[in-house]
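Written below as structure tokens is the structure these notes are about.
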Amino acid sequence: MPETDLAAALAWAVSLLDSVGITTPQPDAELLAAHTLGESRGRINALKLSGFQLNSEQASRFEDSVRERAQRIPLQHLTGKAPFRFLELEVGPGAFVPRPETEVVAGIAIDYLMDAPAGFKVVDLGTGSGAIAASIADEVPHAEVTAVELSPYALAWAERNLSPLGVRLIAGDFGTALEGEEASFAVVISNPPYIPVGAVPQDEEVRLHDPEMALYGGSEDGLKFPRIVMERAAALLEDDGFFVMEHAEVQAAGVARILASTGNWRDIQTHQDLTGRDRATSARRTTRAR
């Protein structure tokens with residue numbers, strides 16, 4: 001990158017990222033410049049118009065980060081940040097980078113909780129970087145939020161994101177966690193691994209950099225781990241408690257059938273993401289026999 005003029009450096013970055021198939025070259029270049037300079041993306045546009053010149057250290061760091069992005073290293077791993085609803089989360093290698101579709105899933109639980117009385121207990125099974133649990137704690141401060149995560153790498157990122165929000169974070173398997181707290185939660189939410197074993201994600205950033213244990217659902221249909229989550233949710237929820245889980249579009253009918261077949265659920269409903277794809281299913285826990 002021979003140029004130190006910010007506008008020219010950004011033009012070089014956009015051209016390089018576009019040439020390797022990055023679908024968002026302009027915002028990626030601007031966000032990497034913002035990270036390099038410690039400024040907001042909006043400020044980068046103002047500096048670009050003002051003729052701002054990068055010093056040699058800034059130019060070198062910007063060039064290195066753009067070349068790394070061109071190698072399909074996730075933008076969020078390079079900046080260490082990922083936006084999620086109203087928060088900016090800390091993320092990096094070892095944690096699943098939160099996606100916009102999961103914001104919708106979190107919103108389903110948040111909308112349900114808005115009118116709930118103080119002290120409602122919520123658990124996020126398989127929290128990853130803590131995105132869902134953090135958003136619930138941030139937007140519904142009267143809820144008592146717990147998050148469960150097995151991966152020690154993801155757990156470290158979750159601790160950074162959840163500790164400031166007062167979320168209880170537990171290291172454990174979502175299929176067995178919270179023993180002794182059965183029938184005590186008002187809401188269980190989860191974004192479990194659900195990609196079918198053998199399926200290969202198209203995005204290189206996902207395929208090469210997201211942890212496999214956060215992606216693959218443990219069976220040919222990808223529903224082994226979601227089944228475990230559904231079973232554990234039925235145990236953890238109080239009567240009439242609310243459950244919502246993310247899944248792939250093609251799994252919506254299967255998830256609904258599994259829930260209906262157990263007798264543990266009522267009011268089973270499929271929800272769409274912002275692109276209109278069947279992205280989540282919710283249900284209410286039936287009343288247990290006395």
Are a donor atom and an acceptor atom from the side chains of Glu238 and Ser184 found within less than 3.5 Å of each other? no
With sequence neighbours excluded, tell me which residues meet side chain to side chain contact (heavy atoms under 4.5 Å, CB included) with Glu88. Lys81
Please name the pair of heavy atoms, one in Arg41 and one in Ala34, separated by the smallest distance, quoted to 0.1 Å. N-CB, 4.0 Å
What verdict does the salt bridge (charged side-chain N to carboxylate O under 4.0 Å, His left out) test give for Lys121 and Glu181, after you've listed the backbone C-alpha separation in whole Å, the side-chain angles of each residue and the deciding distance to 0.1 Å? CA-CA 11 Å; Lys121 292 176 62 178; Glu181 296 186 47; 3.6 Å; yes
Sequence neighbours excluded, the answer for side chain to side chain contact (heavy atoms under 4.5 Å, CB included) partners of Arg61 is Thr36, Glu57, Gln58
Do side-chain atoms of Arg284 reach the backbone of Asp267 as a donor and acceptor pair under 3.5 angstrom? no
Leu16 backbone acceptor or donor facing Arg67 side chain under 3.5 Å: no
Please report the C-alpha distance between Thr281 and His247 in whole Å, then the side-chain angles of each, then the deciding distance to 0.1 Å, and finally whether the side-chain hydrogen bond (donor to acceptor under 3.5 Å, both in side chains) criterion is met. CA-CA 8 Å; Thr281 297; His247 50 67; 2.7 Å; yes
Indicate if Ile189 and Ile108 have the same hydrophobic cluster label, given that clusters are the connected sets of ILVMFWY residues with side-chain heavy-atom separations under 4.5 angstrom. yes
Could you walk me through whether Ile228 and Phe174 pass side chain to side chain contact (heavy atoms under 4.5 Å, CB included), step by step? CA-CA 8 Å; Ile228 292 171; Phe174 53 52; 4.0 Å; yes
In short, Pro74 meets Arg69 closest at the heavy-atom pair CA-NH1, 4.3 Å
Straight-line distance of Phe84 CZ to Arg99 CZ, nearest 0.5 Å: 11.5 Å
Would you give the length of the straight line joining atom OG1 of Thr176 to atom CG of Leu150, rounded to the nearest 0.5 angstrom? 8.5 Å
Side-chain heavy-atom pair Pro27, Thr24 within 4.5 angstrom cut-off: yes
Minimal heavy-atom distance between Glu90 and Ser129, with the atoms involved, is O-CB, 4.5 Å
Between Ser135 and Ile110, does a side chain to side chain contact (heavy atoms under 4.5 Å, CB included) hold up when you go through it step by step? CA-CA 8 Å; Ser135 287; Ile110 289 167; 4.2 Å; yes
If we only count heavy atoms from C-beta on, is the Thr270 to Gln272 side-chain gap below 4.5 Å? yes
Salt-bridge contact Arg232-Glu182 (side-chain N to carboxylate O under 4.0 Å): yes
Measure across Pro98 and Ala131 and return the closest heavy-atom pair with its distance rounded to 0.1 Å. CB-CB, 3.9 Å
For the atom pair CG (Leu37) and CG (Leu54), what is the distance rounded to the nearest 0.5 Å? 6.0 Å
Of all the heavy-atom pairs spanning Asp124 and Ser190, show the shortest one and how long it is. OD1-CA, 4.1 Å
Joint hydrophobic cluster, Leu178 plus Met245, side-chain heavy atoms closer than 4.5 Å: yes
Quick check: does any side chain N or O of Glu149 sit under 3.5 Å from a backbone N or O of Ala147, one acting as donor and the other as acceptor? no
Go through Val122 and Thr146 one step at a time and tell me if the side chain to side chain contact (heavy atoms under 4.5 Å, CB included) criterion holds. CA-CA 6 Å; Val122 181; Thr146 297; over 6 Å; no
Here the salt bridge (charged side-chain N to carboxylate O under 4.0 Å, His left out) pairs for residues 135-147, sequence neighbours left out, are Arg85-Glu139
Donor-acceptor pair, distance only, cut-off 3.5 Å: does the side chain of Thr286 make one with the backbone of Asn264? yes
Here the gap from Ile170 atom CD1 to Thr127 atom OG1, rounded to the nearest 0.5 Å, amounts to 11.5 Å
Would you check if the side chain of Ser151 reaches a backbone N or O of Ala154 as a donor-acceptor pair within less than 3.5 Å? yes
First locate atom CD1 of Ile44, then atom CD of Glu30, and finally report the distance between them rounded to the nearest 0.5 Å. 8.0 Å
Are His35 and Leu78 close enough, and set up right, to give a side chain to side chain contact (heavy atoms under 4.5 Å, CB included), and what steps lead you there? CA-CA 9 Å; His35 178 65; Leu78 297 173; 5.9 Å; no
Name all pairs fulfilling the ring pair (Phe, Tyr, Trp, His ring centres under 6.0 Å) condition that reach into residues 254-290, sequence neighbours left out, sorted by first residue then second. Phe243-Trp265
Under 4.0 Å between a Lys/Arg side-chain N and an Asp/Glu carboxylate O for Arg227 and Glu231? no
Hey, does the side chain of Ser163 reach the backbone of Arg160 with a donor-acceptor pair shorter than 3.5 angstrom? no
Where do Val14 and Ala29 come nearest, in terms of heavy atoms and distance? CG2-CB, 3.8 Å
Could you see if Val123 belongs to whatever hydrophobic cluster contains Leu165? Use Ile, Leu, Val, Met, Phe, Trp, Tyr and a side-chain cutoff under 4.5 Å. no
Any ring pair (Phe, Tyr, Trp, His ring centres under 6.0 Å) pairs touching residues 111-136, not counting sequence neighbours? Tyr112-Phe242
Other members of the hydrophobic cluster containing Val104, with the 4.5 Å side-chain heavy-atom rule, please. Leu274
Under 4.5 Å between side-chain heavy atoms, hopping through other hydrophobics if needed: is there a path connecting Met230 to Leu237? yes
Can you confirm whether Asn191 sits close enough to Val105 that some side-chain heavy atom of one is under 4.5 Å from a side-chain heavy atom of the other? no
Can a donor-acceptor pair be found, under 3.5 Å and without considering hydrogens, that links the side chain of Ser40 to the backbone of Arg43? yes
Using the rule that Ile, Leu, Val, Met, Phe, Trp and Tyr join whenever any side-chain heavy atoms are under 4.5 Å apart, tell me whether Leu17 and Phe62 fall into a single cluster. yes
Interatomic distance, CD@Gln76 vs CG@Leu31, rounded to 0.5 Å, equals 9.0 Å
Is the closest basic N to carboxylate O distance between Asp239 and Arg288 below 4.0 Å? yes
Side chain Arg168, main chain Val145, donor-acceptor under 3.5 Å: no
